[in-house]
2 protein chains.
Amino acid sequence: MAAHTHTRQNLAELTARLRQRDRRITGPRQLILDVLRREEHPLTAKEIHEQLDCDLATVYRSLRLLEEMAMVKRFDFGDGTARFELLGQNDDGHHHHLVCRECSTVVEIGECFRGNLESRIAQEHGFASVSHRLEFFGICPECQAN
Amino acid sequence: MAAHTHTRQNLAELTARLRQRDRRITGPRQLILDVLRREEHPLTAKEIHEQLDCDLATVYRSLRLLEEMAMVKRFDFGDGTARFELLGQNDDGHHHHLVCRECSTVVEIGECFRGNLESRIAQEHGFASVSHRLEFFGICPECQAN
DNA sequence: TGTCTACCTGCAAATGATTTGCAATAAGGG
DNA sequence: CCCTTATTGCAAATCATTTGCAGGTAGACA
Ligand SMILES: [Mn+2]
Ligand SMILES: [Mn+2]
Ligand SMILES: [Zn+2]
Ligand SMILES: [Zn+2]
């Protein structure tokens, strides 16, 4: 699927979801999705902002909105800075990362033990709608060499 | 084991570890350990500070030092505020939590699938010393009722 | 196309957690 | 008890993120 197809898809979805909430299709919102579409790893608001030409506050506001609309997913690597990834349609984006403690290289980890563990924990403690947040940290091959 | 025994143990360990680094045994440092010893769930720097009578900056500096000396462990519930738990000797404190998304009730989760998953991830991606951070979120029984 | 209005944006100031510079103070070895 | 060096209190600085406000714009409708 070509890039422009992705773009069209993003735009169509964005349009649809924004309409449902009486929100508007603005330049910044489209551009943020475009920036995220090009990346394979999560980006910080600042990194996104550097590739755009609008106010940082707008980036934060847009990301929050896009997150509420389930078009981007927020990740937390524990360094006090949120990171965002684009979500495909019908994808809740749940997955994990392996982050190098030295150079911050990110590896995407697809697999997840999810279902069973979550439901077991829910049952054992009487909690409902249990979710989890899991990230791995280590030293990447390159940093081991140096 | 009575409370004063715990206290004595903490103090002995604190003394030993501080000496090795040419650091001093001060009131705030002892008191922070005392506060943490009374709690079963992690506390924020602010919560600790409220139970003491020293500057907040001192609490932050002390917690950082105690963390470096492996006497307390830092946890991240993803709300932008670090939390700390006391570590026993020869305990790396690795465990997880189940946090209510509504009232923030914390349940300690002892079990961990650790070893196998971490080493498998390490091997598959060539990373070394892989660790992980995992927290669960859900709605506690009480909040489900309300 | 022009109008209208709710939604958006830029900008600057506010927040909240955590850190840091600095001068005053205290720990503890000798 | 003294001296050196670590530690503390206080205020100011950082950093990521949010918010108030006044001017700008998307888009429904005439
Ligand atoms: Mn990812
Ligand atoms: Mn715990
Ligand atoms: Zn690396
Ligand atoms: Zn609850």
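Protein chains get the first letters and strands the later ones, always in sequence-line order, with residue 1 at the start of each.
In this structure, B:Leu56 places its CG atom 14 Å from C1' of C:dT20, rounding to the nearest Å. Counting to the nearest Å, the P atom of C:dT18 and the CG atom of B:Leu65 are 17 Å from each other. Atoms CD (B:Gln20) and C1' (D:dA6) sit 17 Å apart, rounded to a whole Å. Atom pair B:Glu47:CD and C:dG16:P shows a separation of 16 Å (rounding to whole Å applied). To the nearest angstrom, P of C:dT18 lies 9 Å from CZ of B:Arg83. Taking atom NE2 on B:His49 and atom P on D:dG9, their separation rounds to 8 Å, with Å as the unit. Atoms CG (A:Leu43) and C1' (D:dA16) sit 16 Å apart, rounded to a whole Å. We find that CD of A:Gln30 is positioned 14 Å from C1' of D:dT25, with the value rounded to whole Å.
Side-chain N or O atoms of B:Glu102 include none that pairs as donor or acceptor with a backbone N or O of B:Cys140 at under 3.5 Å. The closest donor-acceptor contact from the side chain of A:Arg29 to the backbone of A:Arg24 lies under 3.5 Å.
Outside the 6.0 Å centre-distance limit, the rings of A:His96 and B:His132 are not counted as a close aromatic pair.
With sequence neighbours excluded, the residues forming a salt bridge (Lys or Arg N to Asp or Glu O under 4.0 Å) with A:Arg17 are A:Glu13, listed by chain and number.
Residues B:Leu65 and B:Leu18 form a side-chain contact, since some pair of their non-hydrogen atoms from C-beta on lies under 4.5 Å apart.
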Identify all side-chain donor-acceptor contacts of residues 42-50 of chain B below 3.5 Å with residues at least two apart in sequence or on another chain.
{"from": "B:Thr44", "atom 1": "OG1", "to": "B:Glu47", "atom 2": "N", "distance (Å)": "3.0"}
{"from": "B:Thr44", "atom 1": "OG1", "to": "B:Glu47", "atom 2": "OE1", "distance (Å)": "3.4"}
{"from": "B:Glu47", "atom 1": "OE1", "to": "B:Thr44", "atom 2": "N", "distance (Å)": "2.8"}
{"from": "B:His49", "atom 1": "NE2", "to": "B:Cys54", "atom 2": "O", "distance (Å)": "2.9"}

Cut-off 3.5 Å, no hydrogens considered: what does the side-chain donor-acceptor table look like for residues 72-87 of chain A, sequence neighbours left out?
{"from": "A:Arg74", "atom 1": "NE", "to": "A:Glu67", "atom 2": "OE1", "distance (Å)": "3.2"}
{"from": "A:Arg74", "atom 1": "NE", "to": "A:Glu67", "atom 2": "OE2", "distance (Å)": "3.2"}
{"from": "A:Arg74", "atom 1": "NH2", "to": "A:Glu67", "atom 2": "OE1", "distance (Å)": "2.9"}
{"from": "A:Asp76", "atom 1": "OD1", "to": "A:Gly78", "atom 2": "N", "distance (Å)": "2.7"}
{"from": "A:Asp79", "atom 1": "OD1", "to": "A:Thr81", "atom 2": "N", "distance (Å)": "3.1"}
{"from": "A:Asp79", "atom 1": "OD2", "to": "A:Arg83", "atom 2": "NH2", "distance (Å)": "2.3"}
{"from": "A:Glu85", "atom 1": "OE1", "to": "A:His95", "atom 2": "NE2", "distance (Å)": "3.2"}
{"from": "A:Glu85", "atom 1": "OE2", "to": "A:His95", "atom 2": "NE2", "distance (Å)": "3.3"}
{"from": "A:Glu85", "atom 1": "OE2", "to": "A:His97", "atom 2": "NE2", "distance (Å)": "2.9"}

Candidate pair B:Cys143 and B:Arg101, rule side-chain contact (heavy atoms from CB on, under 4.5 Å), full reasoning:
CA-CA 9 Å; B:Cys143 286; B:Arg101 275 189 289 262; over 6 Å; no
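B:Leu98 pairs with exactly one of B:Thr105, B:Val107, B:Val106 by the side chain to side chain contact (heavy atoms under 4.5 Å, CB included) rule, that one being B:Val107.
Note on A:Tyr60: every side-chain N or O is 4.0 Å or more away from OP1 and OP2 of D:dT18. Remark: A:Arg29 is in phosphate contact with C:dC8, judged by side-chain N or O atoms under 4.0 Å from OP1 or OP2.
The stretch residues 70-79 of chain B has no heavy atom under 4.0 angstrom from DNA chain D at all. In the region residues 21-28 of chain A, proximity to DNA chain C at under 4.0 angstrom, judged on heavy atoms, holds for A:Asp22, A:Arg23, A:Arg24, A:Thr26, A:Pro28.
The structure places CD1 of A:Ile121 at 11.0 Å from OG of A:Ser131, a figure rounded to the nearest 0.5 Å. Expressed to the nearest 0.5 Å, how far CD of B:Gln20 lies from OG1 of B:Thr15 amounts to 11.5 Å.
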Please write out the pairs of protein N or O atoms and N or O atoms of nucleotides 21-25 of chain C separated by less than 3.5 Å, giving the distance to one decimal.
{"from": "C:dG21", "atom 1": "O6", "to": "B:Arg61", "atom 2": "NH1", "distance (Å)": "3.2"}

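Two residues, B:Arg19 and B:Thr81, neighbour DNA chain C, and the one matched to the more 5' nucleotide by heavy-atom proximity is B:Thr81.
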